[in-house]
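Structure record follows, encoded as structure tokens.
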Amino acid sequence: MAAYSRDPAVSAREEVLGRIRAALADVPPDDEVPIPRNHQRTAPPDVDVAHLFAERVADYRATVHRVPAGEVAATVAAALAQHGVRRVVVPADLPPEWLAASEAEVVRDDGSLSASALDALDGVVTAAAVGIAETGTIVLDGGTAQGRRALSLVPDTHLCVVRTDQVVGTVPEGVARLDPVRPLTWISGPSATSDIELQRVEGVHGPRTLVVLLVD
Amino acid sequence: MTATFLGTPAFPEAAKRALQDTQLRANLAHATATIRSKRAVVVGERPDWEELRLAGEALKDQVLRHLDTYLVQLEEKVTAAGGTVHWARDAAEANRIVVDLVRATGETEVVKVKSMATQETDLNGALETAGISAWETDLAELIVQLGHDQPSHILVPAIHRNRAEIREIFLAEMGKVGEPAPPDLPAEPRALAEAARRHLRQKFLRAKVGISGANFAVAETGSLVVVESEGNGRMCLTLPETLISVVGIEKVVPTFADLEVFLQLLPRSSTGERMNPYTSIWTGVTPGDGPQAFHLVLVDNGRTTSLADPVGRQALRCIRCSACLNVCPVYERTGGHAYGSVYPGPIGAILTPQLRGIESEIDKSLPYASSLCGACFEVCPVRIDIPEVLVHLRARVVDAERGGVPSAEELAMRSAAWMFGDHRRLESAQRAAGLGGRLFRRGRIGRLPFPFSKWTDARDAPVPPAESFRAWWRRTRGTRR
């Protein structure tokens with residue numbers, strides 16, 4: 001590697017920026033690269049976005065239930081029972097009626113639970129910010145009923161409630177709905193690895209079970 | 001770049017050794033064929049793939065051509081969001097910054113998300129010297145670390161290991177550094193992944209310091225992006241109190257909206273998925289959620305040298321997807337170790353000599369580790385013309401060696417120029433070759449003695465025809481056979 005001058009009076013910041021400016025001596029000051037943005041922004045009009053979302057989430061071997069608003073509590077209760085969730089953590093502002101039918105012990109997060117304490121719980125129920133149909137992606141942004149990031153990470157079963165009006169067709173539509181200042185977690189199926197002989201294994205460090213309720 | 005794999009010989013020798021390893025070749029052929037076909041399916045699904053590539057190329061070019069402006073903007077936004085930005089001229093400086101930051105927390109262990117930048121700087125070595133244990137948490141990185149091995153693929157660093165080898169490594173090594181593998185561990189991917197989960201769980205839960213790289217850094221907002229699959233990234237980015245992200249200066253994208261391009265290009269090119277299981281995006285620190293201290297270390301380490309080369313700088317567009325490795329006929333047969341760098345395959349063959357220079361035997365042989373077939377350019381999501389840069393770097397290697405004792409290749413080229421310079425010389429050479437051709441069987445020339453071995457050691461050549469076109473024309477004038 002080329003030997004660089006090491007003038008102790010020059011900070012690394014100034015030196016790196018100086019090298020960059022020297023390296024770009026051939027670039028005219030008013031240079032502007034035209035950005036072609038001719039990729040698709042929306043899904044084709046004939047696509048049923050909610051249907052596609054459900055299909056693509058299921059492709060990742062997550063479980064998807066499409067339910068009317070009135071059946072959320074019963075579906076949550078059944079899903080928690082099915083996956084053996086006896087103690088469930090929820091964000092402080094999760095609508096209490098979602099858990100009204102469940103027999104699981106509910107722990108409301110007040111921000112004080114340590115990672116180890118979360119690890120002792122079986123599951124978590126959250127809402128979501130955005131759903132992206134084409135890629136089967138759910139985005140959490142720490143907003144209403146979503147809680148801090150550790151909640152949806154440490155417990156082994158994540159049950160996520162998404163409203164159909166939160167689902168958009170494409171990645172560009174999804175990005176446009178998000179607030180970059182919030183901590184964002186994009187989830188596309190349960191955690192997975194293909195590191196051993198390229199054979200896909202669902203379930204490594206993140207929740208091994210992902211259940212999505214798509215509410216009309 | 002400090003993380004040269006020590007003692008790596010020039011590519012042709014390292015390749016020859018790799019080619020004799022039949023287990024390695026079988027693992028590689030299976031793995032690259034699998035990812036290639038997955039990628040082809042999900043890329044074929046997007047009618048606007050070429051438009052996405054064009055947008056990705058232009059966005060990265062815009063950043064590179066105004067890199068100083070975008071980096072200053074990034075620094076300002078990260079700082080305003082509660083983060084601290086550090087600058088590093090080279091690997092040693094980056095490592096020193098990280099070691100000092102970890103020491104300041106009083107901790108003696110860190111959890112790490114797979115990061116090419118910290119592999120490049122050999123941060124783990126620096127941490128170890130400082131008495132700090134660094135736990136790699138990506139499954140493949142864990143296999144490499146426990147096996148005291150080197151990564152051989154950007155996306156799947158343990159691509160050269162099969163399940164039986166991984167089982168042996170886990171049984172022998174896990175217990176030395178934490179939760180041991182169960183003694184009856186089967187050589188089966190699901191069971192091996194479960195063993196990794198159990199081994200790393202306590203390390204995640206108690207970790208106070210996390211170290212990551214980043215796939216993208218958004219200048220407009222100061223947001224950093226990490227894409228991953230296993231959830232180890234989320235663990236390292238969320239649970240510790242302090243997060244240190246070591247990021248190459250070329251990782252910047254202009255605006256948050258531009259992620260709509262890269263978050264489509266990267267997963268489809270890389271793992272062949274519509275979207276990778278987890279993507280984390282964070283901006284500085286968020287009160288009550290995740291690490292409350294955040295440090296961003298911006299690393300040059302040779303990137304500005306590449307930036308100064310108007311042809312070579314396109315290599316800095318690379319988003320480390322590894323699609324070029326999976327389609328490369330050379331990589332598929334030799335594997336990653338022969339490239340002697342954390343960046344193997346076609347992208348490594350153009351990136352490494354630019355970052356490290358072309359002084360060592362391995363680095364000056366890398367631009368030749370290609371048949372120039374062009375498959376790498378076809379799949380590159382940001383349209384890096386890898387063959388163009390390879391040829392450009394070959395010229396630089398040749399230029400650097402001019403003036404001293406002429407190489408065998410230079411002598412051969414000089415005599416070829418003399419021969420082609422006069423039609424009588426050419427014809428007599430062709431007659432000689434035609435005579436020679438009759439001595440060879442099966443239509444190809446294998447190994448020849450020195451000085452021809454400089455060419456034939458790594459290539460077979462078709463045997464010259466018994467009669468050249470010129471001789472045939474003179475004899476027949478094209479009318480008779």
Side-chain angles (χ1 to χ4, degrees), chain A residues 1-2 4 11-13 15-17 19-24 26-27 31-40 56 60 111 115-116 119 134-137 142 148-150 153 171-172 175-176 180-181 183-199 201 203-206, chain B residues 1 31 34 48 51-52 54-55 58-59 61-62 65 67-68 87-89 93 139-140 156 158 162-163 166 189-190 192-193 197 205 221 223 229-232 234-235 238-239 256-257 259-260 263-264 274-275 277-283 286 288-290 300 302 304-305 307-308 310 356-357:
Chain A
M1 193 168 97
Y4 295 116
S11 70
R13 179 183 189 275
E15 188 167 338
V16 172
L17 287 171
R19 288 179 194 168
I20 291 170
R21 286 168 192 143
L24 295 172
D26 65 308
V27 177
D31 173 271
E32 191 75 26
V33 179
I35 314 288
R37 297 182 194 268
N38 302 319
H39 52 277
Q40 292 182 1
R56 292 280 159 96
Y60 296 121
S116 299
D119 195 41
E134 271 186 351
T135 57
T137 302
R148 59 194 169 111
R149 285 172 287 172
L153 171 61
V171 172
V175 170
V181 175
L184 303 174
T185 305
W186 297 37
I187 299 170
S188 306
S191 76
T193 183
S194 301
D195 279 350
I196 300 170
E197 296 182 18
L198 272 301
Q199 185 173 319
V201 174
V204 196
H205 306 295
Chain B
M1 194 169 358
T34 306
D48 58 346
E51 284 72 23
L52 287 167
L54 287 163
L59 285 165
D61 275 350
Q62 168 67 14
R65 293 172 75 82
L67 190 55
D68 51 339
W87 300 69
R89 282 166 276 226
E93 190 165 33
L139 177 52
V156 200
N162 66 17
R163 59 185 74 190
I166 294 165
R190 182 166 301 278
L192 295 168
R197 176 184 163 100
L205 297 178
T221 58
S223 313
S229 297
E230 297 168 14
N232 62 310
R234 293 177 67 192
M235 291 278 179
T238 308
L239 298 184
F256 185 75
L259 292 176
E260 72 181 31
L263 290 180
Q264 296 195 73
R274 293 185 182 116
M275 192 62 79
Y278 298 133
T279 298
S280 296
I281 307 178
W282 74 98
T283 306
T286 305
D289 187 349
D300 177 351
T304 47
T305 314
L307 192 66
R356 284 202 305 225

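All values below were derived from every heavy atom in this structure, side-chain atoms included, with hydrogens, water molecules and symmetry-related copies excluded. Sequence lines set the chain letters: A, B, ... in the order given, protein chains first and strands last, and positions in each chain run from 1.
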Chain A contacts, top residue of [options] (heavy-atom pairs, under 4.5 Å):
options                                : answer
B/Met235, B/Arg190, B/Gln264, B/Arg65  : B/Arg65
B/Ala31, B/Ala88, B/Ser223, B/Gly288   : B/Ala31
B/Pro189, B/Ala140, B/Ala158, B/Gly231 : B/Pro189

Among [options], residue most engaged with chain B (heavy-atom pairs, under 4.5 Å):
options                                : result
A/Val16, A/Asp31, A/Asp119             : A/Asp31
A/Gly111, A/Ala115, A/Ser188           : A/Ser188
A/Gly142, A/Ser116, A/Ser191           : A/Ser191
A/Asp26, A/Leu24, A/Asn38, A/Val175    : A/Leu24
A/Pro34, A/Pro180, A/Pro36, A/Ala150   : A/Pro180
A/Leu198, A/Thr193, A/Thr185, A/Val181 : A/Leu198

For the student: nearest non-hydrogen atoms of [X] and [Y], plus distance:
X        : Y        : value
A/Gly206 : B/Arg197 : O-NH1, 3.6 Å
A/Val204 : B/Ala193 : CG1-O, 4.4 Å
A/Val33  : B/Gln62  : N-OE1, 2.9 Å

Can you say whether [X] sits under 4.5 Å from chain A via the side chain, the backbone, both, or neither, judging by heavy atoms?
X        : result
B/Leu239 : side chain
B/Ala55  : both
B/Ile166 : side chain
B/Ser229 : both

Side-chain heavy-atom pair [X], [Y] within 4.5 angstrom cut-off:
X        : Y        : value
B/Leu139 : A/Ile196 : yes
A/Glu15  : B/Thr304 : no
A/Tyr60  : B/Arg274 : yes

If we ignore hydrogens and angles and just use 3.5 Å, is the side chain of A/Glu197 paired with the main-chain N or O of B/Arg163 as donor and acceptor? yes
Under a 3.5 Å distance rule, please check whether B/Asp289 uses its side chain to pair with a backbone N or O of A/Arg149 as donor and acceptor. yes
May I have the step-by-step check of side chain to side chain contact (heavy atoms under 4.5 Å, CB included) for A/Arg56 and B/Met275, ending in yes or no? CA-CA 10 Å; A/Arg56 292 280 159 96; B/Met275 192 62 79; over 6 Å; no
Could you tell me which portion of A/Ala192 (side chain, backbone, both or neither) has an atom closer than 4.5 angstrom to a non-hydrogen atom of chain B? both
Roughly how far apart are [X] [atom1] and [Y] [atom2], rounded to 0.5 Å?
X        : Y        : atom1 : atom2 : value
B/Asp68  : A/Leu17  : CG    : CG    : 6.5 Å
B/Asn232 : A/His205 : CG    : NE2   : 5.0 Å
A/Arg37  : B/Leu52  : CZ    : CG    : 11.5 Å
B/Trp282 : A/Leu184 : CH2   : CG    : 11.5 Å

Considering residues at least two apart in sequence or located in another chain, which fulfil the side chain to side chain donor-acceptor pair (under 3.5 Å) criterion with A/Ser194? none
So, using ring pair (Phe, Tyr, Trp, His ring centres under 6.0 Å) as the criterion, who are the partners of A/His39 when residues are at least two apart? none
